[in-house]
Amino acid sequence: MHAFYVPIRDDDGFLPGVGGEDDGLKGGLNGIDNGRLHFDGVRIPRTNLLNRYGDVAADGTYSSPIASKGRRFFTMIGTLVQGRVSLDGSAVVASKLALKIAITYGSQRRQFTAADPKREEVILDYQRHQRRLLPRLATTYAMSFAHETLLAAFDGVFSGSHDTDADRQDLETLAAGFKALSTWAALDILQESREACGGAGFLAENRLTQLRADLDVYATFEGDNTVLLQLVAKRLLGDYSKKFKGADARTVAGLVAGQVGQASVDRSGLRRLAQTVTDLGSTGRAVGHVRDEETQRTLLTGRVETMVAEIASRLRPAAHASAEDAAALFDANQNDLIEAARAHAELLQWEAFTAALAGVPDAPTRRVLTWLRDLFGLTLIEKQLAWYLIHGRLSGQRAVAITDYIDDRLLPRLRPHALDLVESFGFAPEHVRAPIASGAEQQRQEEAAAARTAR
Ligand SMILES: Cc1cc2nc3c(=O)[nH]c(=O)nc-3n(C[C@H](O)[C@H](O)[C@H](O)COP(=O)(O)OP(=O)(O)OC[C@H]3O[C@@H](n4cnc5c(N)ncnc54)[C@H](O)[C@@H]3O)c2cc1C
């Protein structure tokens, strides 16, 4: 695959042989035009070839600094990863902005009276409002730290400091996983933030509806999210089969039944299959342990490893089957595969968040961020309680303890810090540009309270 520079028009319109049309109005992102081009008998000079990785000499000889055809193809196509990295960053920023708006508004807007008959409650003091916004805030922090690791991997490859084939493949996998998760999360966060601001959230001036419309296509372009997760899953299976090549059934069964300790995370942030397989029985820990870092890691890692091992063992017959039967078997496991890829990317986000905690020098700040990381980890586990219960990783009692811990401990602890946590995103008023997050609501509430007192 090679890229050419092709002039398509001059002041009078399309050049001879070139045609095209605009795609028309889209569901969002109309600030960017999309269209189609077609070429018929268009000739361009060979010097229009973007020739960093492949060139054609005057005598027609082809040359390339990359000898392997396969490597050349992946180097060329690899430049496309930049789009996915950028989309991941944009999705993180949009999520931060949505939460900045919703949490600011939620801290000022008053609705209904609970304790004080004279003064209505601030809506962020309602548990349900905290449940809607704070776990999403935790996810946004996790996505943000994960994006930093993606940028580091991206820099490694594109600066040339770490650009082996393996580095490039790691970058591809990380970008595919993070882009899929963050763009989906951004849509969910924008919608929940919009609803959390009630009718005011629906006003165009408060930006949430337009941002959501613009970000909608992020789930599709630069690679459809579902297809990207399939790419991640294939990589997980590939790594797994390399690791357990020639392993006997008992080793594999041991991994399926067991769980992993001491899994390693390499420089790129990609998680490798673990070296050691420990006994499932050791998860039998006290309720208090459910919240500790190592337990979260063990539960999250164990799920990924078990899912991959289970799928791999179901796919084993494919190695000796006809192409048709192998494809059918793969398809029969596709849904689980994609779920495993999602679980893997979530684990990487959790690891990125956890690694970032170590770099926070201020102890009280670290404590608050650790609660937020716990909220992220426990919310991930809570979402998959059925899996953990079915696989005997959590008892029913411990499963209940997770939800109780979120509702009774983490949300009340984090509530007083919610404004600081969105303040730390560093948006200035000219970035936010949403009247409901400008302090206007606070002023309106104070005026209403003053008027009531005067009556
Ligand atoms: C606004 C916009 C701008 C774009 N800009 C560019 C651009 O600049 N350059 C460019 O090259 N492209 C561009 N694209 C194209 C974009 O990359 C593709 O639309 C995208 O990759 C999805 O491909 P598709 O539309 O063919 O969807 P399809 O592949 O037809 O997918 C449709 C649905 O089927 C599902 N599906 C597909 N395959 C599988 C499978 N194997 N298993 C399970 N489910 C599957 C998908 O998950 C998806 O939900 C743009 C698209 C849009 C909307």
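A quick note: this is a predicted structure, and the numbers were derived from the prediction, not measured. For ligands, and for the atoms within them, numbers begin at 1 and follow the listed sequence.
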Does some non-hydrogen atom of the protein lie less than 4.0 angstrom from [atom]?
atom                    : result
atom 48 (C) of ligand 1 : yes
atom 42 (N) of ligand 1 : yes
atom 10 (C) of ligand 1 : no
atom 34 (O) of ligand 1 : no
atom 30 (O) of ligand 1 : no
atom 51 (C) of ligand 1 : yes
atom 5 (N) of ligand 1  : yes
atom 2 (C) of ligand 1  : yes

Worksheet item: Distance under 6.0 Å and angle within 45° of the ring axis: does R393 meet both against W387?
Response: no
Can you report which non-hydrogen protein atom sits closest to [atom], along with the distance?
atom                    : answer
atom 44 (N) of ligand 1 : T226 CG2, 4.4 Å
atom 46 (C) of ligand 1 : D224 OD2, 3.2 Å
atom 15 (C) of ligand 1 : F221 CB, 4.9 Å
atom 8 (O) of ligand 1  : N34 ND2, 4.8 Å
atom 37 (C) of ligand 1 : V227 CG2, 3.9 Å
atom 53 (C) of ligand 1 : V217 CG2, 3.3 Å
atom 22 (C) of ligand 1 : T220 CG2, 3.8 Å
atom 40 (C) of ligand 1 : Q334 NE2, 4.0 Å

Worksheet, complete the sentence: Near Q230 (heavy-atom distance under 4.0 Å), the atoms of ligand 1 are 41 (N)
Worksheet item: Of all residues at least two apart in sequence or in a different chain, which pass the side-chain contact (heavy atoms from CB on, under 4.5 Å) check with L203?
Response: E205, N206
Basic-acidic side-chain contact under 4.0 Å: [X], [Y]:
X    : Y    : value
E346 : K383 : yes
E192 : R136 : yes
D239 : R235 : yes
R109 : E441 : yes
D55  : R46  : no

Of all heavy-atom pairs between [X] and [Y], which one has the smallest distance, and what is that distance?
X    : Y    : answer
A94  : L215 : CB-CD2, 3.6 Å
L236 : A340 : CD1-O, 4.0 Å
A200 : I436 : CB-CG2, 3.7 Å

Worksheet item: What do the steps show when you test D22 against R36 for salt bridge (charged side-chain N to carboxylate O under 4.0 Å, His left out), and what is the final call?
Response: CA-CA 7 Å; D22 192 88; R36 295 130 205 262; over 6 Å; no
